S.K.: 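Pasting a structure here, questions to come.
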There are 2 protein chains.
Amino acid sequence: MEILNKLGSLNTHRKHIYGSHSFLETQDLINLSQPLFTLRKKNTLAHQGKPFQGLYVVQCGTLKQIIQHENKKELISHFFLPGDIIGLDAIGEGNYCGTISTIETSGLYHIPFRTIDELPISHSSHMQLLRCLSRAIYLEHSRMWQMISQPSDVRLACFFIMMSCKFSALGYSPHCFRLAMSRKEIADYLCMAIETLSRLVSRFQQQGILSAHGHEYCLLNPTALAAIAERKK
Amino acid sequence: MEILNKLGSLNTHRKHIYGSHSFLETQDLINLSQPLFTLRKKNTLAHQGKPFQGLYVVQCGTLKQIIQHENKKELISHFFLPGDIIGLDAIGEGNYCGTISTIETSGLYHIPFRTIDELPISHSSHMQLLRCLSRAIYLEHSRMWQMISQPSDVRLACFFIMMSCKFSALGYSPHCFRLAMSRKEIADYLCMAIETLSRLVSRFQQQGILSAHGHEYCLLNPTALAAIAERKK
DNA sequence: CGAAAATTTGACGTGATTCAAACGCAGTGG
DNA sequence: CCACTGCGTTTGAATCACGTCAAATTTTCG
């Protein structure tokens, strides 16, 4: 069965790259999977360095991937939302390169396999998978570039726009949505201090760009938000 | 012919990760290549976004890969030294994701192919290539982490140590070597301003850690250098 | 309800960028 | 041979964005 034939058809011209791993048309993958299972919030799906056990597709909920480097400062490499695929960056190495855990109770499909050989896909699909990983290198690089050379307000604006696009694609309102992640998690993802994030959210609210109450966010002025996100240095 | 069978045997425990692309035992690749050719300094080997034309193996000289993002601030993603392979990150996408040009006159082997299908390697080698690309994702991430959360002196110390290892592996002195790249290029690679780099080099010299005359560098106190590189925040 | 955790806000310190000027060095032409 | 020019590098001073520290406030959840 050709599960990867639509690989690469998505996200080819994404503007605000934050490298979420929804490279495939996930329905095909789900057909291969075990029954849906749920994982309560703050549970760990996979530990960094542990052997690869297969991919997961998010059906509902939110997860995060933390890559621990030597010292304890942790960096969140990805958030996973419904439709996203978890574990693509672990296929090759054979180990999960980060710890993946739920932020809220989530529903997941598991596509179990240890090595890529066990996945019933054709030669051409392997090529597509290869292409997919190669693209991920570039996405990582883009993210690095953004984190290094873009000021914090631009990074945050891009983040909100990305989330807006996500929710829009999922059929939800692009303007009002609930983010399961805490401020600290968003800050870690955006490589800034919690306090900086908090100040930025306050500033955006004062400017009437958005409103934030707890985990609920409303984009009141998407144009202004986009202007901040696109601001050249 | 099995050119990728030693894939992944190198660089598995590299400490100071700056992601140079020497993943393969290059001699196998060279056997597949066109005759050696030379490219004068400041010439471009491949342009960002142009179609993939094949891999290159550096025989001698130095090259750099620049990835241009929207605004003009350029980021050097890689330096290529003898033994390194150029273009691995372009295989999948089919386009070069950065502009690759010579810093000094360089000798190169060209392994021409357009798509991975044209490379005469086995299924298991494809797996290895896949593993290789997957690892590159992690390397990119590690570099991001270092650039973001390590202070500039640590980054520079790591850079010198990496270069020292490189030259050592090539059979040259690990303590005294000539770097073809300019200060500006090193600064771009390490994501800092030229002035910051210049100040750091001055400081290291005052501390007796190294001496720098033009493009010639001597590591006078590798222990002290390593202490800076390993310093936790 | 009450303790613990998360968030906000202010004051302050600092590493690194930016601006500016001076310096050294190589190549060119008078 | 020396002035002239352009380029890379160095150095100092000023500035800024962001992180850190600390205290206040709100939210969460048993």
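Keep in mind that this is a model prediction, so the values were computed, not measured. Per chain, numbering begins at 1; letters A, B, ... match sequence-line order.
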S.K.: From CD of Gln205(A) over to P of dT9(C), roughly how many Å is that when rounded to an integer?
M.R.: 8 Å
S.K.: When all nucleic acid strands are considered with a 4.0 Å heavy-atom cut-off, which category describes Ser182(B): base, sugar-phosphate, or nothing?
M.R.: sugar-phosphate
S.K.: Is there a side-chain contact between Phe159(B) and Phe79(B), using heavy atoms and a 4.5 Å cut-off?
M.R.: yes
S.K.: So, is Ser198(A) near the phosphate of dT7(C), with a side-chain N or O under 4.0 Å from OP1 or OP2?
M.R.: no
S.K.: Is the shortest side-chain N/O distance from Thr196(A) to OP1 or OP2 of dG19(D) below 4.0 Å?
M.R.: yes
S.K.: Hey, does the side chain of Ser106(A) reach the backbone of Thr62(A) with a donor-acceptor pair shorter than 3.5 angstrom?
M.R.: yes
S.K.: Using whole Å, what does the distance between atom P of nucleotide dT26(D) and atom NE2 of His215(A) come to?
M.R.: 17 Å
S.K.: Could you tell me whether Tyr172(B) atom OH has more than 12 heavy atoms of other residues or ligands within 6.0 Å of it?
M.R.: no
S.K.: Can you tell me if the side-chain N/O atoms of Ser152(A) get under 4.0 Å from OP1 or OP2 in dA17(D)?
M.R.: no
S.K.: Does the base of dT18(C) carry an N or O that pairs as donor and acceptor with the side chain of Arg199(B) under 3.5 Å?
M.R.: yes
S.K.: Whole Å only: how far is the NE2 atom of His213(A) from the P atom of dT28(D)?
M.R.: 12 Å
S.K.: May I ask you to say what Lys42(B) touches in the nucleic acid, namely base, sugar-phosphate or nothing, with a heavy-atom cut-off under 4.0 Å?
M.R.: nothing
S.K.: For Leu197(A) and dG19(D), give me the distance from atom CG to atom P, rounded to whole Å.
M.R.: 10 Å
S.K.: Roughly how many Å is it from CE in Met181(B) to P in dG8(D), rounded to a whole number?
M.R.: 16 Å
S.K.: Counting only side-chain heavy atoms from C-beta out, which of dT9(D), dT17(C), dT8(C) sits nearest to Arg183(A)?
M.R.: dT8(C)
S.K.: To the nearest Å, how far apart are Ile186(A) CD1 and dT8(C) C1'?
M.R.: 15 Å
S.K.: Taking His78(B) for the side chain and Ile86(B) for the main chain, is one N or O donor matched with an acceptor at less than 3.5 Å?
M.R.: no
S.K.: Roughly, in whole Å, what's the span from CE in Met147(B) to P in dG15(C)?
M.R.: 19 Å
S.K.: Expressed as a whole number of angstroms, how long is the span from Met192(A):CE to dT20(D):C1'?
M.R.: 16 Å
S.K.: Is the base of dC21(D) touched by the side chain of Glu195(A) through a donor-acceptor pair closer than 3.5 angstrom?
M.R.: yes
S.K.: Side chain to side chain contact (heavy atoms under 4.5 Å, CB included) for Glu140(A) and Asp89(A)? Distances and angles first, verdict last.
M.R.: CA-CA 11 Å; Glu140(A) 276 295 318; Asp89(A) 52 357; over 6 Å; no
